[in-house]
Amino acid sequence: MIFRKNTSQWLTLHFFLLLACSLTMGCSQKAENPQPQPSQLVIGSQFDIGGSIDPKQGLGGPCLAAKLLIFETPVYFDENYKMQPLLFTAWTPSEDARTWTVHLREDVRFSDGTPFAADALMFSVRYMTGPGLHLADIREMEAINDHTVRLTLNAPDAVFIHTLSSLPIISPSSLDQGGHFAKPVGTGPFTFVEYTQGQQLVYQRNDDYWGTKPGVEKVVFKFIPDFNTRSMALESGEIDIADYLPAEILKKLEDDPGFTVARKIPSPCPNWIGLNTTRPPFDDVRVRRAVNYAVDVQAIVERLINAILPGLAVPATRGPHSQPLFAGIVDPDLTWYGYDPMAAKQLLAEAGWQDADGDGILDKDGVPLKVELISSLLYAEGTEIAEAVQSQLAAVGMDVQVRVLESGARFQAYREKKYDMIELAGICPHNDPSPWYEYYFHSKKQRAYCVIEDPAIDAAIDRLAATVDENDRTQVLRHLQTLLEETAPGIFLYIQNGALAFRSDLKGFKTYCGMSGAFSYARFVHP
């Protein structure tokens, strides 16, 4: 099986931000002595994404997305989540998905002038291989010639090339003599200028870039954590683009002709609530199924998100793959859980939970059915959704306390399994759901993060890794969805339809909303 693409159609489509020629901004000049003003694009970011320019550090969505202006990847995903070549031109897997032969572009140089060739690819693979880096366990690499490399894996990986969409290619000159990262040298359209902690990250155009040159000279990421402040900065003209804005603000901006809200198709990643299946009460599958019946996913998503900005989210009424992107892998006979509080109450009763003292809270052996739900601050609606779930579970006799934690503390609680219920998302490095299954549900590979230990689920995920044929993969994926429905390890809520707001006067832009390297992130390309 050989994959090839016509490179003439995608050369202008592969940036996270390939910037428009008509955008000009800069410091004001005196009228009597006008000077040409450098063009720049200012992006308001929720996160301080400049903490490390080392591509091995900060691989989370927005952090990696910004780095992909400096570093490019072998392949990328377009606005329809279809894989496209970038630094690779073709790739061929063996039948058992253990050996991959890849072909490199021959006209690419790093920003330091050195050529991109087989040795640089192998250097980048060695540097980026490790726990949590979304790269397969590679046993051997062999340079067939300067632009052809054979990679042999220790285990089958049917989506190995997909995985390489999160491999930033770096020049060996990025490291010092001690092997430590010293400076960012990539093949991308921009180069690093400076980083000011808590304030901004600045790039400048790489005028020797091998592809279509950016239309602006500078990109500035300004770190503005508060979404209200970020929105006001956009409206005042302080920034040109704002990310991660809540539905209420996006609706306001969409109604204003001075701004444009660009949308992309829903992400591969579902937002959901994981249940701690290792301790009571969620070690009982009947309780897990009960909470799935008790939560009206459709009503929550429509009221808190889509009622404000229609179509911003897809309710996960058919499980984790309710989004249109995965329509082909959802079993048509799969029903999933509908809203049925009576079924929830019956299951809880079968599990031994009764309201012995008439206070409205169920109890068992003198212990009340009281749990904690850890809410996420990543999305503005996270706390509202948690409170809606709290209210609906109270209606079937469960006392839910909502605790809001910032991302670091929430992730620590998740990793240490110090939670009852916890809002989760992410882990979608590409358009195939296999890494998502492995991260959350494979008890041997990701034990610290796995929400359930089930041999049947482990075996199905292992089969998925070794299955190359698309029809066979669909059958394995459908089986996995059935297993998740049976074991009910979480409450699947919705799939986000990502949106990005920008000034409408940025003429010459075309919104290109797809995946940037490894993660869903809106980008702009030259028309």
Side-chain angles (χ1 to χ4, degrees), residues 270 272-297 300 316-317 319-320 334-375 386 388-403 413-424 437 440-444 446-461 479-493:
W272 62 298
I273 295 174
L275 306 175
N276 192 334
T277 62
T278 66
R279 68 186 190 190
F282 296 120
D283 57 345
D284 189 329
V285 68
R286 293 169 296 184
V287 178
R288 302 199 300 269
R289 291 172 179 168
V291 296
N292 271 275
Y293 280 122
V295 175
D296 191 344
V297 169
I300 289 175
T317 55
L334 187 71
T335 57
W336 211 256
Y337 295 89
Y339 178 54
D340 191 342
M342 292 304 297
K345 291 179 180 179
Q346 181 177 343
L347 282 165
L348 290 171
E350 292 175 3
W353 294 94
Q354 303 287 337
D355 185 5
D357 55 10
D359 64 352
I361 303 300
L362 302 180
D363 52 81
K364 180 179 180 180
D365 299 328
V367 178
L369 186 53
K370 182 175 182 179
V371 299
E372 181 180 75
L373 169 54
I374 297 178
S375 174
V389 170
Q390 175 190 46
S391 176
Q392 293 184 350
L393 292 181
V396 299
M398 181 175 289
D399 182 4
V400 179
Q401 301 297 312
V402 174
R403 182 159 66 114
Y414 169 56
R415 185 177 61 248
E416 297 176 355
K417 298 190 184 301
K418 295 179 179 179
Y419 67 92
D420 298 316
M421 310 171 72
I422 187 167
E423 289 187 349
L424 298 170
Y437 278 107
Y440 285 122
F441 305 109
H442 200 297
S443 64
K444 302 297 188 296
Q446 297 285 352
R447 181 174 295 275
Y449 309 110
C450 181
V451 299
I452 189 168
E453 296 192 13
D454 187 292
I457 293 177
D458 287 350
I461 296 172
H479 178 54
L480 273 167
Q481 292 165 58
T482 299
L483 291 174
L484 289 194
E485 184 183 32
E486 292 173 353
T487 57
I491 305 168
F492 296 98
L493 297 170

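Residue D357 comes nearest to D359 through the heavy atom pair OD1-OD1, 2.8 Å, listed as atom of the first residue, atom of the second, then distance. Nearest heavy atoms, L424 versus V451: CD1-CG1, 4.5 Å. Residue V297 comes nearest to A316 through the heavy atom pair CG1-N, 3.8 Å, listed as atom of the first residue, atom of the second, then distance. Between P281 and W353, the shortest heavy-atom distance links the atoms CB-CZ2, 4.0 Å. G360 and D355 make their closest contact through N-OD2, 2.9 Å (heavy atoms, listed as atom of the first residue, atom of the second, distance). In terms of heavy-atom proximity, I452 sits nearest to S443 at O-CB, 4.2 Å.
The ring-ring contact (aromatic ring centres under 6.0 Å, His included) search around Y339 returns none, not counting sequence neighbours. Residues satisfying the side-chain contact (heavy atoms from CB on, under 4.5 Å) test with A356, not counting sequence neighbours, are D363. In this view, T317 and Q298, P315 satisfy the side-chain contact (heavy atoms from CB on, under 4.5 Å) rule, not counting sequence neighbours. Every residue two or more places apart in sequence or in another chain that forms a side-chain contact (heavy atoms from CB on, under 4.5 Å) with A388 is listed here: I300, R303, L304.
The main-chain N or O of W336 is found under 3.5 Å from a side-chain atom of E485 such that the two form a donor-acceptor pair.
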(message) As a quick check of understanding, evaluate side chain to side chain contact (heavy atoms under 4.5 Å, CB included) for V389 and V400, giving each step before the final call.
(response) CA-CA 9 Å; V389 170; V400 179; 5.9 Å; no
(message) Before you tell me yes or no, could you show the steps for Q392 and D296 under side chain to side chain contact (heavy atoms under 4.5 Å, CB included), namely the whole-Å CA-CA distance, both residues' side-chain angles and the distance that decides it to 0.1 Å?
(response) CA-CA 8 Å; Q392 293 184 350; D296 191 344; 3.5 Å; yes
(request) Apply side chain to side chain contact (heavy atoms under 4.5 Å, CB included) to the pair K417 and N276, showing each step before the final yes or no. (result) CA-CA 7 Å; K417 298 190 184 301; N276 192 334; 4.1 Å; yes
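Every pair passing salt bridge (Lys or Arg N to Asp or Glu O under 4.0 Å) that includes a residue from residues 275-290 is listed here, sequence neighbours excluded: R279-D420, D284-R286.
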For residues 341-350, please give each side-chain donor-acceptor pair under 3.5 Å, one per line with the distance, not counting sequence neighbours.
unit_1 : atom_1 : unit_2 : atom_2 : d
Q346   : NE2    : E350   : OE2    : 3.3

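Note that the CD atom of Q390 and the CG atom of L373 stand 8.0 Å from one another [nearest 0.5 Å]. The OG1 atom of T278 lies 8.5 Å from the CD atom of E453; values are rounded to the nearest 0.5 Å. To the nearest 0.5 Å, atoms OG1 (T487) and CZ (F441) are separated by 7.5 Å. Rounding to the nearest 0.5 angstrom, the gap separating the NE2 atom in H442 from the CD1 atom in I461 is 5.5 Å. Separating the CG atom in L369 from the CG atom in L362 is a distance of 5.5 Å, to the nearest 0.5 Å.
At most 12 non-hydrogen atoms from other residues, nucleotides or ligands lie less than 6.0 angstrom from CG of D365.
Ring orientation note: the planes of Y293 and Y337 are nearly perpendicular, at an angle over 60° on the 30°/60° scale. Under the 30°/60° scheme for interplanar angles, the aromatic rings of Y440 and W272 are found to stand perpendicular.
Looking only at side-chain heavy atoms (C-beta outward), I374 and Y414 stay at 4.5 Å or farther from each other. At least one side-chain heavy atom of P320 sits under 4.5 Å from a side-chain heavy atom of L484.
With respect to L275, the side chain to side chain contact (heavy atoms under 4.5 Å, CB included) criterion is satisfied by exactly one of V291, V371, V287: V291.
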